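Numbering starts at 1 and runs along the sequence shown. Since we're looking at a predicted model, the values are computed, not measured. Order of listing sets the numbers, starting from 1, for every ligand and every atom in it.
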Amino acid sequence: MANHITFIGAGNMASAIIGGLIDSGFSPSSITATSPDDAMLAPVRERLGIHTDTDNNAAVSQADVVVLAVKPQIMRQVCEAMRDSVQRQKPLIISIAAGLDADTIDGWLGGGNALVRCMPNTPSLVGYGASGLFANTRVSTEQRDIATELMEAVGIVEWVDDEALLDAVTAVSGSAPAYFFLMFEAMEEAGVKMGLPAATARRLAIQTALGAATMAKQSDKDPATLKQNVMSPGGTTEQAIAHLEDANLRGTMEAAMQACAKRAQEMAKELSGTP
Ligand SMILES: NC(=O)C1=CN([C@@H]2O[C@H](COP(=O)(O)OP(=O)(O)OC[C@H]3O[C@@H](n4cnc5c(N)ncnc54)[C@H](O)[C@@H]3O)[C@@H](O)[C@H]2O)C=CC1
Ligand SMILES: O=C(O)[C@@H]1CCC=N1
């Protein structure tokens, strides 16, 4: 495992990964997070007991792994300002930014870096993250293992050999917690219209999703079979499923996920300066 990990940025996603790492036994004293605004760092410093710094260069100079966790729109200025310290230190770089490709980030950091692109998701905070990873050719086997170990501390890891597939990973897992949260909102709203107290509808919907996900993960049956097992012939579930199929849920999901991946591609073009 890495000796010292520096997170550039201490927002939603960095906090989720750091929280998960600490819960899995990683020492808070081996983690630094940065932000230009110390007021943003105070809560993570106090809650998680990690080091914090408002100076990215100082934080990079202690690290053997640097996780880039700022918004894609400011990645260029953040990377270019860290270029000299990254070139001196030569840490393993892990970017969690949506869209931005490995060569673009490597160029902003002066080139020649071992760089892993990672698409994580926020359930990393509770140890149920799902991350897709891609390594550039400079990443050693040992560094690949470090990246795997780091992200497996907060969930499951899937490596892809083709960097373009990270846009599909963004659609399937990076952005996907939001799809399920939307489903919980919709189920709660419908449950309330049918007379249930909101808190009851929410608890039942969330527990059902947890149960379904756990069954799907543990069972040797595929999701289609598990679905069929709930659908008694002439019963209630087949009415609900017929309605969802008639409403083209599959097509809607595909269109939503295509829009997600397309936006990742657009962001890569917009932010790298590629025409
Ligand atoms: N939120 C999510 O579910 C996911 C986000 N991502 C990626 O993670 C990255 C971060 O996203 P969020 O955590 O949601 O954003 P956020 O806005 O919550 O966090 C960004 C952090 O960057 C800090 N920051 C701003 N300027 C900085 C600078 N010059 N130096 C150091 N830190 C600076 C801010 O203070 C803030 O703590 C993005 O690139 C996003 O594409 C990837 C997967 C999932
Ligand atoms: O919405 C976004 O752009 C980020 C990347 C994946 C999840 N959240």
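- Here the closest non-hydrogen pair linking L109 and M82 is CD2-CE, 4.1 Å.
- Taking atom 6 (C) of ligand 2 as the reference point, the nearest protein heavy-atom neighbour is S175 OG, 3.6 Å.
- Side-chain contact of T148 with D145: a donor-acceptor pair under 3.5 Å is absent, judged by distance alone.
- Ion pairing between K269 and E266 fails under the 4.0 Å rule for side-chain N and carboxylate O.
- Around the NZ atom of K90, the shell of radius 6.0 Å holds more than 12 heavy atoms that belong to other residues, nucleotides or ligands.
- Side-chain N/O atoms of D167 and T170 include no donor and acceptor closer than 3.5 Å.
- A cation-pi arrangement, defined by a distance under 6.0 Å to the six-membered ring centre and an angle within 45 degrees of its axis, is present between R144 and W159.
- Among all non-hydrogen protein atoms, the one lying nearest atom 3 (O) of ligand 2 is A98 CB, 4.4 Å.
- When only non-hydrogen protein atoms are considered, atom 7 (C) of ligand 2 lies nearest to G174 O, 3.5 Å.
- Checked by atom type, the side-chain pair T34/N56 shows a donor-acceptor distance below 3.5 Å.
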Below 3.5 Å only, please: the N or O atoms of ligand 1 paired with protein N or O atoms, distance on each line.
from: ligand 1; atom 1: 13 (O); to: N12; atom 2: N; distance (Å): 3.2
from: ligand 1; atom 1: 13 (O); to: M13; atom 2: N; distance (Å): 2.8
from: ligand 1; atom 1: 14 (O); to: K71; atom 2: NZ; distance (Å): 3.4
from: ligand 1; atom 1: 15 (O); to: K71; atom 2: NZ; distance (Å): 3.2
from: ligand 1; atom 1: 18 (O); to: N12; atom 2: N; distance (Å): 2.9
from: ligand 1; atom 1: 18 (O); to: N12; atom 2: ND2; distance (Å): 3.3
from: ligand 1; atom 1: 30 (N); to: N56; atom 2: ND2; distance (Å): 3.0
from: ligand 1; atom 1: 35 (O); to: S35; atom 2: OG; distance (Å): 2.9
from: ligand 1; atom 1: 37 (O); to: A10; atom 2: N; distance (Å): 3.2
from: ligand 1; atom 1: 37 (O); to: G11; atom 2: N; distance (Å): 3.1
from: ligand 1; atom 1: 39 (O); to: V70; atom 2: O; distance (Å): 2.7
from: ligand 1; atom 1: 41 (O); to: A98; atom 2: N; distance (Å): 3.0

